[in-house]
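Below is one structure; the comments refer to it alone.
Keep in mind that the numbers below use all heavy atoms, side chains included, and drop hydrogens, waters and symmetry copies. Convention: sequence-line order gives letters A, B, ...; per-chain numbering from 1.
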Number of protein chains: 2
Amino acid sequence: MSNQDPSRTRRRRGSTQPTLKEVAAAAGVSSITASRALNTPERVNEETRKRVLEAVDRVGYVPNLVAGSLASARSRFIAVIVPSLANAVFIEVIRGLQATFEAQGYQILLGNTDYDIEREHRLVRTFLGWSCSALVTAGLRHTPACRDLLEHCDKPVMEVMELGEALDLNVGLDHREAGRCMARHLLERGYRRTVYVGACLDKDYRAGLRFDGHREVMEADGREAPLIELDRLGSLEAGAAGLDRVREAYPDTEAIHFANDDLAAGALLHGFRLGLKVPDEIAIAGFNGLALGQHLTPRLTTIQSPRETMGRQAAEQILRRLDGKRVTRRQCNVGFELLVGEST
Amino acid sequence: MSNQDPSRTRRRRGSTQPTLKEVAAAAGVSSITASRALNTPERVNEETRKRVLEAVDRVGYVPNLVAGSLASARSRFIAVIVPSLANAVFIEVIRGLQATFEAQGYQILLGNTDYDIEREHRLVRTFLGWSCSALVTAGLRHTPACRDLLEHCDKPVMEVMELGEALDLNVGLDHREAGRCMARHLLERGYRRTVYVGACLDKDYRAGLRFDGHREVMEADGREAPLIELDRLGSLEAGAAGLDRVREAYPDTEAIHFANDDLAAGALLHGFRLGLKVPDEIAIAGFNGLALGQHLTPRLTTIQSPRETMGRQAAEQILRRLDGKRVTRRQCNVGFELLVGEST
DNA sequence: CGCTGTCATGTTAGCGCTAACATAGTTCTA
DNA sequence: TAGAACTATGTTAGCGCTAACATGACAGCG
């Protein structure tokens with residue numbers, strides 16, 4: 001009990017920022033009224049509200065959202081966890097999420113797992129620690145501990161990209177069916193020998209699902225479904241290498257079904273450099289419906305996946321849930337569309 | 001004073017999550033010791049630390065980072081504010097930032113201004129409200145109020161993409177010089193009539209700076225520097241439209257200097273569809289050094305900007321500052337490189 | 001042996017805000 | 001005109017954590 005001296009009282013590193021209390025003092029109200037004027041203005045008299053807002057400007061108040069979040073046990077964060085930022089597909093989903101959430105005053109907390117579900121688990125822990133309002137993850141595969149966390153966190157959990165046994169909310173498309181769809185198209189076009197080319201199918205397992213669908217259709221038609229797996233994730237360069245590898249390993253191939261448009265476009269451009277005639281000498285198909293494919297000559301046959309829409313719909317469902325409305329349809333199939341170009 | 005009944009005492013929505021106090025109880029220590037075991041393990045006895053970590057696992061503790069942040073007035077957020085997620089350029093900068101920060105346990109708080117500096121201002125307020133550790137913005141242009149906030153917030157502020165009169169830290173490249181560089185290249189190649197094609201130069205003002213450099217060189221050589229401005233931001237489609245507009249407005253044009261690679265690649269692909277010979281009938285140049293340009297035939301002449309490196313270097317400088325080290329060189333020019341393809 | 005220094009841990013007091021309850025004034029209703 | 005219902009504002013008690021200070025045990029030293 002040594003400090004009777006009030007000037008030597010216990011001091012925290014008081015940030016110099018003005019607090020709500022000071023705003024309240026400046027407006028001549030209590031701090032709860034100032035709080036209400038900012039957060040639930042309809043519960044405060046018009047006149048009072050004006051005085052508070054004036055005071056806010058006068059003292060240069062910036063709300064301490066951390067304190068507000070602790071007191072209310074709510075934040076306005078949405079955790080978004082994707083496996084990669086190198087892939088345009090995830091970016092476009094993020095764009096859809098971001099546009100919808102930011103319009104409602106939510107912020108995106110972005111995490112990147114690098115296709116590692118252990119890192120996903122760590123990110124989920126961190127984001128839960130920030131009391132995020134909801135979590136969005138790309139895909140349905142998680143570590144058991146992570147599933148557990150997500151299941152018991154009592155917040156909306158949205159799994160996007162693919163459909164299946166989801167934890168809670170689910171917006172995506174049926175990748176197996178997309179693979180079947182393209183395989184059928186290739187058969188209809190009369191191609192007899194088709195190779196599927198993917199990249200790192202252990203990581204990009206959705207491309208693996210598409211291959212499963214592809215193989216299913218091919219085998220039902222009595223054909224083989226050879227697979228070539230590249231060791232670098234989708235890129236124009238990898239696609240070029242894929243074309244070379246197919247021509248070497250299966251010289252009589254009539255069509256290549258690429259796991260995505262980056263690979264397919266890379267192959268198309270490489271074929272052009274080689275003077276290869278597409279589709280006469282070899283047909284090429286992709287997946288995603290990136291803009292690039294539609295600007296090539298020949299235009300790329302591909303499957304359009306509605307990525308930004310997927311993000312937007314996911315965000316809307318989450319917002320509905322956060323507004324306390326029950327979400328009836330927890331699973332939402334955004335579908336896809338076969339875009340037939342001249343490359344097949 | 002009506003509630004003497006202890007069972008009816010004032011209740012907060014106590015989240016069911018275990019708290020540090022429960023961990024401490026389970027480990028038989030005080031909560032501050034548990035806190036130290038997690039945050040500054042070197043200040044706790046080996047034995048005790050082990051007991052605490054065990055207890056953490058046993059009760060399934062997830063630290064409440066909001067509370068920690070309020071108590072310590074520090075968060076591990078880095079605010080990153082970009083004008084668009086539709087542009088690959090910003091994505092790659094974000095990737096560089098993200099990889100570096102996430103490795104050090106910092107999270108990215110992502111904001112998108114949609115090229116609107118008023119929205120930027122609002123985002124800066126929000127992120128400051130979250131006690132972010134540092135802020136990264138794309139570009140040097142802000143509203144006066146926003147400059148003011150950034151200048152007085154007492155946190156590292158990093159402006160990336162371009163160089164100039166920065167508020168604090170600055171990593172980028174000299175866009176005017178890049179414009180000059182390409183203009184000189186076109187002159188050296190002997191093209192006499194060159195048009196610059198940009199998109200929304202009021203928003204993408206860095207493309208405007210490149211045009212300034214371009215015009216400077218052209219005028220110094222006694223040539224005109226006509227400009228065509230498209231009304232949609234960079235895309236393959238806009239580039240195709242740009243080519244058409246140049247051929248209509250300036251039929252004798254020998255070279256087009258596009259503001260970026262998306263436009264240039266769109267024009268190249270469109271020219272190919274039209275049967276136009278590049279560069280004999282018309283030469284095409286871009287800016288950014290996107291992978292696509294190097295896979296086209298002819299390869300696109302462009303300027304390589306080290307985008308991921310920019311993000312990485314920005315992150316490293318901020319981390320150095322956050323570690324308490326003085327940053328000596330507050331401005332860092334990452335430079336650029338002229339990539340000469342066959343399109344000029 | 002008393003003094004100082006170091007280590008490990010504990011006590012106390014907030015961080016800045018909002019939920020829950022309280023209160024006073026006003027309007028509506030039977 | 002009593003009292004119910006509503007409006008506007010205030011008082012109090014935390015949210016879960018950590019900074020600052022306090023304490024006690026023990027080692028080193030002249």
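Proximity of B:Ser30 to the phosphate of C:dG10: a side-chain N or O atom is located under 4.0 Å from OP1 or OP2. Between C:dC15 and A:Asn64, no contact under 4.0 Å exists linking OP1 or OP2 to a side-chain N or O. An OP1 or OP2 oxygen of C:dT9 is reached within less than 4.0 angstrom by a side-chain nitrogen or oxygen of B:Thr48. Between B:Ser35 and the phosphate of D:dT18, there is a side-chain N or O to OP1/OP2 separation shorter than 4.0 Å.
When rounded to the nearest whole Å, the span between CG of B:Leu38 and P of C:dT9 equals 14 Å. In this structure, the CG atom of B:Asn39 is 17 Å from the P atom of D:dG16, given to the nearest Å. Taking atom CZ on B:Arg36 and atom P on D:dA22, their separation rounds to 14 Å, with Å as the unit. In this structure, B:Ile32 places its CD1 atom 12 Å from P of C:dT9, rounding to the nearest Å. Taking atom NZ of residue B:Lys21 and atom C1' of nucleotide D:dG14, one finds them 11 Å apart after rounding to whole Å. We find that CZ of B:Arg51 is positioned 12 Å from C1' of C:dA8, with the value rounded to whole Å. We find that CH2 of A:Trp130 is positioned 15 Å from P of D:dG16, with the value rounded to whole Å. Distance, B:Leu70 CG to C:dA13 P: 18 Å, rounded to whole Å.
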(Q) Please evaluate residues B:Tyr115 and B:Tyr205 with respect to the criterion ring-ring contact (aromatic ring centres under 6.0 Å, His included), reporting the C-alpha separation (whole Å), side-chain torsions for both, the decisive distance (0.1 Å), and the verdict. (A) CA-CA 10 Å; B:Tyr115 290 99; B:Tyr205 65 88; 8.8 Å; no
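Taking the six-membered ring where the residue is Trp, the centroids of A:Phe77 and B:Phe77 are separated by under 6.0 Å.
Backbone-only contact: A:Arg74 has heavy atoms under 4.0 Å from sugar-phosphate atoms and none from a base. In this structure, B:Val44 reaches the sugar-phosphate backbone alone: every heavy-atom distance under 4.0 Å involves primed, P, OP1 or OP2 atoms, never a base. Within the nucleic acid shown, B:Ser69 has no heavy atom closer than 4.0 Å to any nucleic acid atom.
Counting only heavy atoms from C-beta on, A:Arg43 has its side chain closest to D:dT9 among D:dT9, D:dG16, C:dC17.
If you run side-chain contact (heavy atoms from CB on, under 4.5 Å) between B:Val56 and each of B:Leu38, B:Leu20, B:Val62, only B:Leu38 comes through.
Counting non-hydrogen atoms of neighbouring residues, nucleotides and ligands closer than 6.0 angstrom, the CZ atom of B:Arg119 exceeds 12 such neighbours.
Judged by closest nucleotide on DNA chain C, B:Thr33 is the one of B:Ala67 and B:Thr33 placed further toward the 5' end. Of the two residues contacting DNA chain D, namely B:Tyr61 and A:Gly28, the nearest-nucleotide position lying further toward the 5' end is that of A:Gly28. When the nearest nucleotides of DNA chain C are assigned to A:Val62 and B:Asn45 by heavy-atom distance, the more 5′-ward of the two goes with B:Asn45.
Separation of atoms CG (A:Leu70) and OG (A:Ser131) is listed at 8.0 Å; rounding is to 0.5 Å.
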